[in-house]
Amino acid sequence: MSSITRFLGDSPLRVAIKLIVVSFLVGIVMATFGWSPWDVFYRIEDFFVGLWNMGFDAIYRFWTYFLLGAAVVIPIFIILRVLSYRR
């Protein structure tokens with residue numbers, strides 16, 4: 001296995017095809033909601049400016065975002081690991 005394949009997790013062509021398909025699907029979702037890439041960047045910028053301006057309240061807000069995300073991500077991760085363990 002070459003180092004590039006090991007780094008990418010698959011052959012470069014397959015990774016490129018997967019990225020193209022996922023990019024297309026994300027584009028469809030973003031178009032459905034009327035979002036543009038600039039909207040995403042502006043939201044990220046607003047988030048960090050809000051963190052800076054709010055001080056310690058921002059830490060609480062970050063912690064809340066972290067816990068909300070973890071409440072979704074951790075169970076999905078565990079389910080995927082259990083399902084892949086059976087193979």
Side-chain angles (χ1 to χ4, degrees):
M1 181 181 284
S2 72
S3 60
I4 187 101
T5 302
R6 195 171 2 159
F7 173 74
L8 294 175
D10 208 348
S11 71
L13 181 61
R14 287 182 59 138
V15 170
I17 291 171
K18 290 176 187 178
L19 288 174
I20 290 169
V21 170
V22 170
S23 296
F24 181 72
L25 294 175
V26 169
I28 290 173
V29 171
M30 288 179 67
T32 301
F33 288 112
W35 297 342
S36 72
W38 290 113
D39 292 332
V40 175
F41 290 130
Y42 291 143
R43 290 291 182 185
I44 292 170
E45 179 187 20
D46 288 343
F47 172 75
F48 285 109
V49 167
L51 283 178
W52 180 263
N53 291 335
M54 286 195 289
F56 288 106
D57 190 38
I59 295 171
Y60 173 76
R61 188 170 148 195
F62 176 80
W63 183 249
T64 303
Y65 291 158
F66 171 74
L67 290 178
L68 285 172
V72 173
V73 170
I74 300 300
I76 291 172
F77 173 77
I78 292 171
I79 290 169
L80 290 174
R81 294 305 297 170
V82 167
L83 291 177
S84 69
Y85 182 72
R86 290 183 182 173
R87 289 185 205 169

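Hydrogens, waters and symmetry mates play no part in the numbers below; they use all other heavy atoms, side chains included.
With rounding to the nearest 0.5 Å, the separation of CG in Leu13 from NZ in Lys18 is 11.0 Å. To the nearest 0.5 Å, atoms CG (Leu8) and OG (Ser2) are separated by 8.5 Å. We find the CZ-CG distance between Phe41 and Asp46 to be 13.5 Å, quoted to the nearest 0.5 Å.
Nearest approach of Ala70 to Pro75, heavy atoms of both residues: O-CD, 3.6 Å. Taking both residues in full, the closest heavy atoms of Thr5 and Pro12 are given as OG1-CD, 4.2 Å, listed atom of the first, atom of the second, then distance. Here the shortest heavy-atom pairing between Thr32 and Ile28 reads OG1-O, 2.8 Å. The shortest non-hydrogen separation linking Gly34 to Asp39 is O-OD2, 3.8 Å.
Hydrophobic clustering (ILVMFWY, side-chain heavy atoms < 4.5 Å, transitive): Val15 and Val26 are in distinct clusters. Phe47 is not connected to Tyr42 by any chain of hydrophobic side-chain contacts under 4.5 Å among Ile, Leu, Val, Met, Phe, Trp and Tyr, and they are in different clusters. In the hydrophobic cluster analysis, where Ile, Leu, Val, Met, Phe, Trp and Tyr join through side-chain heavy atoms closer than 4.5 angstrom, Leu68 is grouped apart from Phe62. Tracing side-chain contacts under 4.5 Å through hydrophobic residues (I, L, V, M, F, W, Y), one never reaches Phe33 starting from Leu25; they form parts of separate clusters. Linking ILVMFWY side-chain heavy atoms closer than 4.5 Å, directly or via other members, places Trp38 and Val29 in two distinct hydrophobic clusters.
For Trp63 and Phe66, the ring centers are positioned less than 6.0 Å apart.
Within a 6.0 Å sphere centred on CZ of Arg14, other residues, nucleotides and ligands contribute 12 heavy atoms or fewer.
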